[in-house]
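The first residue of the sequence shown is numbered 1, and numbering continues consecutively from there. Note that the coordinates shown come from a computational prediction; the quantities given were computed from them, not determined experimentally.
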Amino acid sequence: NTNTNINRKNNQLPIGDTDGNGVFDIGDVLFTQQFFVGQIQRADISDEQYANMDASCRGTDPDGVDIQILLMTLAKKWRLIDLSGNPRSSVANFSASTGFTISVSIKNSFSLPAETGTIVK
């Protein structure tokens, strides 16, 4: 595929790309399912692929919850949030002066900035 690198940022896999081909698509859901049932082993994938399987950001092995999140994202019902870095400190912060703030970068299934009309629920 000649477009493999188009969706990469700083040579990283796009959010949700679990099979490592450079795009987030139905193949990533299948790949995560295969990992979940033991057809793909942890030793056979990169750390980045493994991290992308944890769509729920729970820090656990991928499971049905992560698969559901990937499916709902592909169906454009949900959006993935880029929690790169330390999600506990960079995404949610509390300050006595400003209160609770959440900072997110919303991207589409190609890891490009989402349209300005995107509604977050």
Side-chain angles (χ1 to χ4, degrees):
N1 180 351
T2 58
N3 294 327
T4 299
N5 292 320
I6 288 177
N7 299 323
R8 293 178 187 223
K9 178 181 177 184
N10 300 326
N11 235 4
Q12 295 176 343
L13 296 176
I15 299 170
D17 180 15
T18 64
D19 62 12
N21 70 349
V23 293
F24 174 47
D25 58 18
I26 193 66
D28 298 301
V29 176
L30 177 60
F31 190 87
T32 304
Q33 289 173 324
Q34 290 171 327
F35 181 89
F36 177 60
V37 298
Q39 294 176 342
I40 296 170
Q41 303 302 312
R42 175 64 179 98
D44 298 327
I45 63 172
S46 72
D47 291 342
E48 191 174 6
Q49 285 176 277
Y50 183 75
N52 276 349
M53 286 187 202
D54 185 17
S56 63
C57 299
R58 293 174 295 158
T60 61
D61 284 339
D63 60 15
V65 172
D66 299 300
I67 293 166
Q68 179 187 16
I69 291 169
L70 293 173
L71 275 171
M72 294 298 283
T73 303
L74 278 174
K76 300 191 185 307
K77 301 291 182 188
W78 295 351
R79 300 245 186 216
L80 294 177
I81 298 176
D82 183 359
L83 296 175
S84 57
N86 181 350
R88 307 295 183 255
S89 63
S90 62
V91 174
N93 294 297
F94 179 80
S95 163
S97 61
T98 61
F100 186 73
T101 58
I102 298 175
S103 302
V104 296
S105 174
I106 301 174
K107 299 180 180 183
N108 63 19
S109 61
F110 299 108
S111 289
L112 299 172
E115 298 173 7
T116 56
T118 299
I119 298 172
V120 179
K121 295 182 180 180

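- A continuous path of ILVMFWY side-chain contacts below 4.5 Å connects Met72 to Val29, so both sit in one hydrophobic cluster.
- Paired with Phe35 under the rule side-chain contact (heavy atoms from CB on, under 4.5 Å), one option of Gln41, Met53, Gln49 passes, and it is Met53.
- For the pair Asp19 and Gly27, the tightest heavy-atom approach, listed with the atom from each and the gap, is OD2-C, 3.7 Å.
- For the residue pair Phe24 and Thr73, the shortest heavy atom distance occurs at CE2-CG2, 3.5 Å.
- Applying the salt bridge (charged side-chain N to carboxylate O under 4.0 Å, His left out) test to Asp28 and every residue at least two apart in sequence or in another chain returns nothing.
- The closest side-chain heavy-atom distance from Asp63 to Asp66 is below 4.5 Å.
- Side chains of Leu71 and Lys77 form no contact here, defined as non-hydrogen atoms less than 4.5 Å apart.
- The side-chain heavy atoms of Gln39 and Phe31, taken from C-beta on, include no pair separated by under 4.5 Å.
- Note that OG1 of Thr32 and CD1 of Ile40 are 8.0 Å apart. Values are rounded to the nearest 0.5 Å.
- In the hydrophobic clustering of this structure, Tyr50 does not group with Leu13; members are Ile, Leu, Val, Met, Phe, Trp, Tyr whose side-chain heavy atoms approach within less than 4.5 Å, directly or through other members.
- Side chains of Asn52 and Thr18: no donor on one and acceptor on the other come within 3.5 Å.
- Residues Val23 and Asp17 fail the side-chain proximity criterion, which asks for heavy atoms closer than 4.5 Å.
- Judged purely by atom type and a 3.5 angstrom limit, Gln33 has no side-chain atom pairing as donor or acceptor with the backbone of Ile67.
- Side-chain heavy atoms closer than 4.5 Å link hydrophobic residues (I, L, V, M, F, W, Y) into clusters, and following such links, possibly through other members, connects Trp78 to Ile26.
- Between Asp61 and Arg42, no side-chain nitrogen of the basic residue sits less than 4.0 Å from a carboxylate oxygen of the acidic one, so the salt-bridge criterion is not met.
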